[in-house]
2 protein chains.
Amino acid sequence: MSQDIYDKIMMLAKRRGFIYPSFEIYGGVAGFYDYGPLGSQLKNNIENLWRKYFLLKDKCVEINTPTITLYEVLKASGHVDEFTDLTVDCKKCNQSYKVEDIIKDNITVQEAIKSDKIKCPNCGAKLKNPYNVNLMFSTKVGIGKTRKAFLRPETAQGIFTDFHLLYRFAREKLPFGVVQIGKGYRNEVSPRQGMIRMREFAMAEAEVFFDPNDKTHPGFAEIKNKELFLYDNVKELKLSTDKAVKTGVINNQALAYYMYLTQEFLLKAGVDPKKFRFRKHKDDELAHYATECWDAELLSNRFGWVECVGIADRSAYDLNSHIKASKTDMYALKKYEKPKVVKVKKIVPNMGALGPLFKQKAGEIKTILEEMKVPASGKISVTIDGKKIQIPQKCYKIVETTEKVTGDKFVPHVIEPSFGIDRILYMIIEHNYIETKKKGEEYKYLKLDPIVAPIKVGVFPLINDERLVKIAEEIDVKLRSEGIPTYYDDGGTIGRRYARMDEVGTPFCVTVDHDTLKDKAVTIRNRDTTEQERKKIVELVKYLKTKLF
Amino acid sequence: MSQDIYDKIMMLAKRRGFIYPSFEIYGGVAGFYDYGPLGSQLKNNIENLWRKYFLLKDKCVEINTPTITLYEVLKASGHVDEFTDLTVDCKKCNQSYKVEDIIKDNITVQEAIKSDKIKCPNCGAKLKNPYNVNLMFSTKVGIGKTRKAFLRPETAQGIFTDFHLLYRFAREKLPFGVVQIGKGYRNEVSPRQGMIRMREFAMAEAEVFFDPNDKTHPGFAEIKNKELFLYDNVKELKLSTDKAVKTGVINNQALAYYMYLTQEFLLKAGVDPKKFRFRKHKDDELAHYATECWDAELLSNRFGWVECVGIADRSAYDLNSHIKASKTDMYALKKYEKPKVVKVKKIVPNMGALGPLFKQKAGEIKTILEEMKVPASGKISVTIDGKKIQIPQKCYKIVETTEKVTGDKFVPHVIEPSFGIDRILYMIIEHNYIETKKKGEEYKYLKLDPIVAPIKVGVFPLINDERLVKIAEEIDVKLRSEGIPTYYDDGGTIGRRYARMDEVGTPFCVTVDHDTLKDKAVTIRNRDTTEQERKKIVELVKYLKTKLF
């Protein structure tokens with residue numbers, strides 16, 4: 001097989017310090033990659049650009065919660081039961097497969113199972129008895145008396161379980177958004193798609209909480225005429241955010257707003273607009289928590305259209321689950337203009353009667369009675385361990401009292417833009433990988449936007465004359481002290497040094513030559529135009545900053 | 001017990017969105033904390049400041065490797081065998097303890113075990129039979145055929161296992177440094193020290209590779225007269241880096257250089273110089289991989305002197321371990337001026353004789369023979385599975401040949417500054433937590449350096465007049481678009497709003513008042529001096545940037 005662009009990029013990425021396969025010296029394992037010096041810087045730049053859109057522009061706040069997550073959290077969120085892949089083992093060659101990966105395009109997973117038509121792609125044996133496998137990495141916290149835990153499948157749950165604290169931080173006003181950037185984990189059955197399917201990956205997620213009756217966004221007016229690139233699973237179409245919402249193509253303003261913010265971010269980060277679209281999930285694709293979802297898909301030469309961002313309406317699913325499981329008050333309050341005084345009936349338990357009758361269960365019954373509403377029938381029963389228990393009238397009193405109510409409690413809805421940083425990073429490299437010719441020879445470079453480029457400026461003395469070296473080193477130190485990542489290089493011809501910088505996407509190179517000694521100026525060479533400008537050293541920082549940031 | 005400063009800070013931290021106990025709605029679990037909106041921003045700022053020192057100033061490069069780490073890596077590094085705590089269980093009350101935590105100050109762990117004098121701090125029962133417990137969280141990669149793995153106890157191993165690739169990235173020149181910022185994990189037996197002993201923590205580590213015969217640092221000359229705050233376990237002393245190295249207090253320039261860089265970073269980040277020192281490890285304290293280590297210790301009101309950074313000379317320990325275990329060429333090369341041609345004797349195995357004699361072992365013997373040096377004795381034996389096997393002369397030939405050698409291979413030494421970000425973050429809050437009085441009332445604030453402060457500028461309209469609100473909102477948007485994190489607040493009196501910002505360490509507040517409508521200027525209030533200045537709106541960004549960054 002001849003090399004496709006993926007192979008070429010991964011070779012360049014390894015050779016030049018962007019991406020290495022993890023644990024290679026111990027034989028490696030699929031689904032793990034290391035970011036080398038340039039990859040790591042590129043990743044930081046992408047994440048910081050993301051912060052500009054989500055924190056500085058949209059005013060979300062960022063939090064940071066553990067990757068190890070207690071069983072209780074992920075049981076409540078549905079991940080213990082739902083975060084699974086249908087898997088099948090080959091008894092003959094001892095391989096495991098995700099069913100979805102090995103069936104033919106024209107049949108569904110359900111059909112494949114029924115028709116008994118799945119074959120081992122390795123040895124050709126018939127595969128039977130697929131089963132659901134949970135994809136979370138599990139571990140235990142503590143020694144001796146341990147607690148069951150998982151590595152988080154998404155950063156979102158850390159936000160949901162802090163909702164009541166974050167709502168207070170937002171001074172109890174909706175909407176407000178909370179983001180998290182960090183690792184997510186998915187113990188894939190047998191990942192075979194390189195950077196596109198990783199077992200440990202970098203995510204950036206925003207959870208934006210809305211009043212379910214008001215999914216408008218304060219920033220919507222400003223972007224209502226901006227166009228989105230949409231795909232409805234049949235055709236591609238360009239629609240303004242406003243029109244998309246009004247015609248019902250997109251359910252609400254909030255979704256449309258975050259779709260546009262996502263589009264802005266991706267295009268600024270260097271995604272090719274011709275290889276970008278939002279695709280709407282079909283009903284049978286939706287995750288267990290979502291009511292509507294749009295994927296930002298990027299087109300890859302090898303992988304086709306790849307989901308890189310999911311923008312989902314998670315409704316009140318998660319908060320409701322955690323309220324139910326943890327019994328914590330995680331409601332929002334819609335305040336009245338002024339508090340209302342309302343009459344309420346309350347059950348007042350009588351422990352003198354409950355105690356002798358229900359023994360050790362009396363305490364639990366008391367708590368349930370205190371929290372329950374008085375049923376219209378007047379008959380009161382509680383359910384403990386699945387058993388319904390009638391409570392005799394002598395065990396409680398019903399009293400009528402007044403309460404001051406300041407507003408209506410409700411569970412907010414959540415709009416979630418969730419970004420796969422590794423996929424985006426790979427796609428940015430692929431979309432900006434240019435093969436051309438220079439003086440008849442093959443020439444490769446990355447036309448990365450300066451905002452994401454790992455090295456901003458190459459700094460060279462033209463030759464190894466110590467007077468030039470001294471000035472070049474001073475410029476290097478100066479630029480770094482101003483927060484501009486540089487690469488100092490005094491090896492080989494200038495052409496060779498330009499080529500090295502072009503190959504890793506460095507937008508500018510500064511060369512100190514003999515004229516510098518007289519005119520205190522340097523040559524600035526532009527990667528994309530290959531044009532050269534002469535600039536005074538004293539003006540260099542200011543000039544570069546306007547070009548770079 | 002009355003509240004100490006730790007309690008007060010943790011209450012403030014929770015109330016104002018710096019730090020929350022993790023999983024609180026599910027009862028929580030010791031050793032895990034969430035960073036809320038302000039804590040997360042503070043953490044980002046500390047890490048980015050660290051990058052300024054280690055990446056931009058010292059020219060280290062950053063990489064990013066998985067938190068899940070294969071068994072083979074951590075077996076080779078010694079963590080599977082050595083990363084343990086001596087633990088003891090109470091059979092009576094079913095608690096587990098780290099022996100070190102429950103012995104009296106005046107005896108060592110060894111004495112405590114021998115003298116049989118450890119008692120359960122909970123129920124008073126005598127505790128017996130302490131045992132070593134490995135502190136790594138373990139998990140499995142894959143489904144079916146799984147591979148054993150751990151959550152990394154340090155980020156360093158990700159750097160060591162990539163050494164050969166990073167050495168190439170550094171164009172085969174020493175010294176060069178590689179850093180990693182990310183999560184580390186330690187499944188503590190029973191952590192009882194809050195933020196000081198976490199099970200999942202944030203680390204920033206640098207591994208700087210040196211020629212073992214040349215632990216000088218190119219930046220040393222510039223800092224040789226700078227003073228370090230040292231403690232030799234007896235007394236505190238101030239010494240210039242140069243004198244400390246020359247008198248042998250610190251073993252080499254490289255260690256001293258990174259100690260000074262660490263000191264500069266910590267003081268800039270806001271550590272109180274009077275609560276800071278470097279303490280040298282005693283021989284029996286050294287980790288399994290270290291030959292010399294200095295801890296940067298910070299003084300806490302509750303915890304005393306706390307190790308927040310360790311600066312260790314790891315010698316060639318880790319690279320040697322991985323070379324041995326993985327059989328990968330991870331050497332550096334000291335190049336000769338020009339290549340030498342040397343005569344070498346080589347063993348050439350004869351498979352025709354080896355095969356019949358040693359059957360299935362023949363291949364392994366062949367590989368060993370090809371790699372071994374010809375012994376002076378002339379007699380050749382190999383060791384397989386612990387058994388020494390004599391190899392008859394007919395099984396090989398010894399030939400003399402010439403080889404071009406370009407230099408001497410060697411294993412670099414490593415100097416490692418390793419930072420516990422969470423501890424530093426907590427200490428920065430503690431050292432900058434000020435209790436004072438204002439108009440007779442208690443007044444608390446954080447005098448955080450602007451470089452780390454989570455919010456840089458509070459933006460207020462003096463009253464809710466829509467003309468003032470409009471200007472204040474425009475200023476807020478402008479500052480954010482310039483990368484300055486703000487907090488817009490129009491609730492309550494100006495005094496109340498200042499107090500809110502002071503309590504979270506915001507260095508400046510900008511107020512729009514009625515005069516603004518005429519003079520296009522605003523009032524800038526300084527947190528520390530409480531002084532107010534009037535500045536034109538058009539000059540605001542520039543003015544604040546010089547104050548903030």
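Values below: every heavy atom of this structure, side chains too, minus hydrogens, waters and symmetry copies. Per chain, numbering begins at 1; letters A, B, ... match sequence-line order.
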Residue E482(B) excluded, over 12 heavy atoms near CD under 6.0 Å | yes
Are a donor atom and an acceptor atom from the side chains of T65(B) and Y20(A) found within less than 3.5 Å of each other?
-> no
Under 4.5 Å from a heavy atom of chain B, the part of D329(A) involved = neither
Counting heavy atoms not belonging to E172(A), are there more than 12 under 6.0 Å from its CD?
-> yes
V179(A), V189(A), D162(A), T486(A): which one forms the most heavy-atom pairs within less than 4.5 Å of chain B?
-> D162(A)
Is there a donor in the side chain of T328(A) and an acceptor in the side chain of Y26(B), or the other way round, less than 3.5 Å apart?
-> no
Can a salt bridge be assigned to the pair R480(B) and D58(A) using a cut-off of 4.0 Å between side-chain N and carboxylate O?
-> no
Under 4.5 Å, counting heavy-atom pairs only, tell me which of R500(B), E188(B), Q41(B), K14(B) racks up the most with chain A.
-> R500(B)
What distance do F137(A) atom CZ and T67(B) atom OG1 have between them, rounded to the nearest 0.5 Å?
-> 9.0 Å
Under 4.5 Å from a heavy atom of chain B, the part of E200(A) involved = side chain
Any donor-acceptor pair under 3.5 Å linking the side chain of T139(A) with the backbone of T139(B)?
-> no
Using non-hydrogen atoms only, which part of M198(A) is less than 4.5 Å away from chain B: side chain, backbone, both, or neither?
-> neither
Answer with side chain, backbone, both or neither: which region of Y487(A) has an atom nearer than 4.5 Å to a non-hydrogen atom of chain B?
-> side chain
Part of S190(B) lying under 4.5 Å from any heavy atom of chain A | neither
Against chain B, work out which of V61(A), V133(A), D476(A), N44(A) has the most heavy-atom pairs shorter than 4.5 Å and name it.
-> N44(A)
Do you know the tightest heavy-atom contact between N94(B) and K145(A)?
-> O-CE, 3.5 Å
Any donor-acceptor N/O pair, N187(A) side chain to K140(B) backbone, under 3.5 Å = yes
Rounded distance (nearest 0.5 Å) linking atom CD1 of I484(A) with atom CG of L56(B) = 9.5 Å
Residue pair R171(A), D489(B): steps toward the side chain to side chain contact (heavy atoms under 4.5 Å, CB included) verdict = CA-CA 11 Å; R171(A) 294 162 78 178; D489(B) 192 356; 3.0 Å; yes
Per-residue tally against chain A (heavy atom, under 4.5 Å) across K59(B), K183(B), R147(B) peaks at K59(B)
Among the listed options V477(B), L38(B), V178(B), N48(B), the residue most often paired with chain A at heavy-atom distances under 4.5 Å | L38(B)
Roughly how far, to the nearest 0.5 Å, is the CD1 atom of I143(B) from the CG atom of N134(A)?
-> 8.0 Å
Per-residue tally against chain A (heavy atom, under 4.5 Å) across G142(B), S96(B), S22(B) peaks at G142(B)
Heavy atoms only: give me the nearest S326(A)-I25(B) pair and the separation to one decimal.
-> CB-O, 3.3 Å
Run the numbers on V141(B) and F32(A) for side chain to side chain contact (heavy atoms under 4.5 Å, CB included), then give the verdict.
-> CA-CA 10 Å; V141(B) 177; F32(A) 293 91; 3.8 Å; yes
Heavy-atom distance under 4.5 Å to chain B: side chain of H322(A), backbone, both or neither?
-> both
Heavy-atom closest contact (R16(B) atom, F169(A) atom, distance) | O-CE1, 3.4 Å
CD1 (I68(A)) and CG (L151(B)) are apart, to the nearest 0.5 Å, by 5.0 Å
Please name the pair of heavy atoms, one in D34(A) and one in P66(B), separated by the smallest distance, quoted to 0.1 Å.
-> OD1-CD, 3.0 Å
Hey, which of L55(B), T87(B), D89(B), L165(B) has the most heavy atom pairs under 4.5 Å with chain A?
-> L165(B)
Which bit of Q157(A) is near chain B, if near means a heavy-atom gap under 4.5 Å: side chain, backbone, both or neither?
-> neither
Segment of F201(A) engaging chain B (4.5 angstrom heavy-atom cut-off) = neither
Heavy-atom pair count under 4.5 Å with chain A, highest-scoring of G36(B), G17(B), S481(B) = G36(B)
Atom group of A325(A) that falls short of 4.5 Å from chain B, counting heavy atoms = both
